[in-house]
K.L.:
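Below you will find the structure I want to go over with you.
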Amino acid sequence: MSLVSILITILIGALIGWLASIIMKSSHGFIMSCVIGIVGSFIGGFLASLIGLGGGIIVTILIDIAGACILIALLRLILGKKW
């Protein structure tokens, strides 16, 4: 992976994490948004592949946001309400 693709992955992860935090009404910093967005994208992609979902970029982004929301919900269960 090149440096540019790593930076693009971080920026897209941050965007997805930010959107998920708006949907789930949670607040955390930029680094956690990146981590939640990137990990949530993997969760969403994994779950989508299990049920056979796939498609274009819009569907992928929606699946990634859903995965990040699932991750935030799991973190709330484990760490408490402030997530």
Side-chain angles (χ1 to χ4, degrees):
M1 232 194 211
S2 69
L3 179 61
V4 173
S5 62
I6 292 171
L7 290 175
I8 289 172
T9 301
I10 290 172
L11 288 174
I12 291 172
L15 176 66
I16 288 174
W18 176 69
L19 290 171
S21 68
I22 289 173
I23 292 169
M24 298 295 289
K25 294 180 179 34
S26 67
S27 62
H28 39 274
F30 176 74
I31 301 294
M32 282 309 295
S33 289
C34 291
V35 171
I36 288 172
I38 293 169
V39 174
S41 294
F42 284 114
I43 292 171
F46 175 72
L47 294 175
S49 69
L50 286 178
I51 59 175
L53 283 178
I57 189 72
I58 302 296
V59 173
T60 302
I61 289 173
L62 292 174
I63 289 170
D64 292 348
I65 292 170
C69 289
I70 290 169
L71 180 59
I72 291 173
L74 289 173
L75 287 170
R76 282 184 181 163
L77 284 174
I78 296 168
L79 300 175
K81 292 286 183 189
K82 69 180 194 179
W83 266 90

K.L.:
Would you compute the distance between atom CG of L77 and atom CD1 of I72 and round it to the nearest 0.5 angstrom?
P.N.:
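Going from the CG atom of L77 to the CD1 atom of I72 covers 12.5 Å.
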
K.L.:
What distance do I65 atom CD1 and L19 atom CG have between them, rounded to the nearest 0.5 Å?
P.N.:
4.5 Å

K.L.:
Do the side chains of L53 and V59 get nearer than 4.5 Å, heavy atoms only?
P.N.:
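A side-chain contact is absent here, since even the closest heavy-atom pair is not under 4.5 Å.
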
K.L.:
How long is the gap from CG on L11 to CD1 on I38, to the nearest 0.5 Å?
P.N.:
9.5 Å

K.L.:
Check this for me: L50, atom CG, are more than 12 non-hydrogen atoms of other residues, nucleotides or ligands nearer than 6.0 Å?
P.N.:
yes

K.L.:
On a heavy-atom basis, which atom in R76 and which in K25 lie closest, and how many Å separate them?
P.N.:
NH2-O, 3.4 Å

K.L.:
Hey, does I12 have a side-chain heavy atom less than 4.5 Å from the side chain of D64?
P.N.:
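No; the side chains remain at least 4.5 Å from each other.
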
K.L.:
Is it true that L75 and I22 fall in one hydrophobic cluster, defined by side-chain heavy atoms closer than 4.5 Å?
P.N.:
no

K.L.:
Give me the one residue out of S41, C69, S21 that meets side-chain contact (heavy atoms from CB on, under 4.5 Å) with I16.
P.N.:
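The residue from S41, C69, S21 that satisfies side-chain contact (heavy atoms from CB on, under 4.5 Å) with I16 turns out to be S41.
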
K.L.:
Treating Ile, Leu, Val, Met, Phe, Trp and Tyr as nodes and any side-chain heavy-atom pair under 4.5 angstrom as an edge, say whether M32 and I23 lie in one connected cluster.
P.N.:
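M32 and I23: separate clusters.
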
K.L.:
When hydrophobic residues are tied together by side-chain contacts of less than 4.5 Å, even through go-betweens, does W18 share a cluster with I36?
P.N.:
no

K.L.:
Taking I51 as the starting point, is it possible to reach L62 by hopping between hydrophobic residues whose side chains are less than 4.5 Å apart?
P.N.:
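L62 does not cluster with I51.
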
K.L.:
With a 4.5 Å cut-off on side-chain heavy-atom distances among I, L, V, M, F, W and Y, is there a chain of contacts connecting F30 to L15?
P.N.:
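No: no chain of side-chain contacts under 4.5 Å links F30 to L15.
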
K.L.:
Grab the two heavy atoms, one from I63 and one from G45, that are nearest each other, plus how far apart they are.
P.N.:
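The answer is CG2-N, 3.9 Å.
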
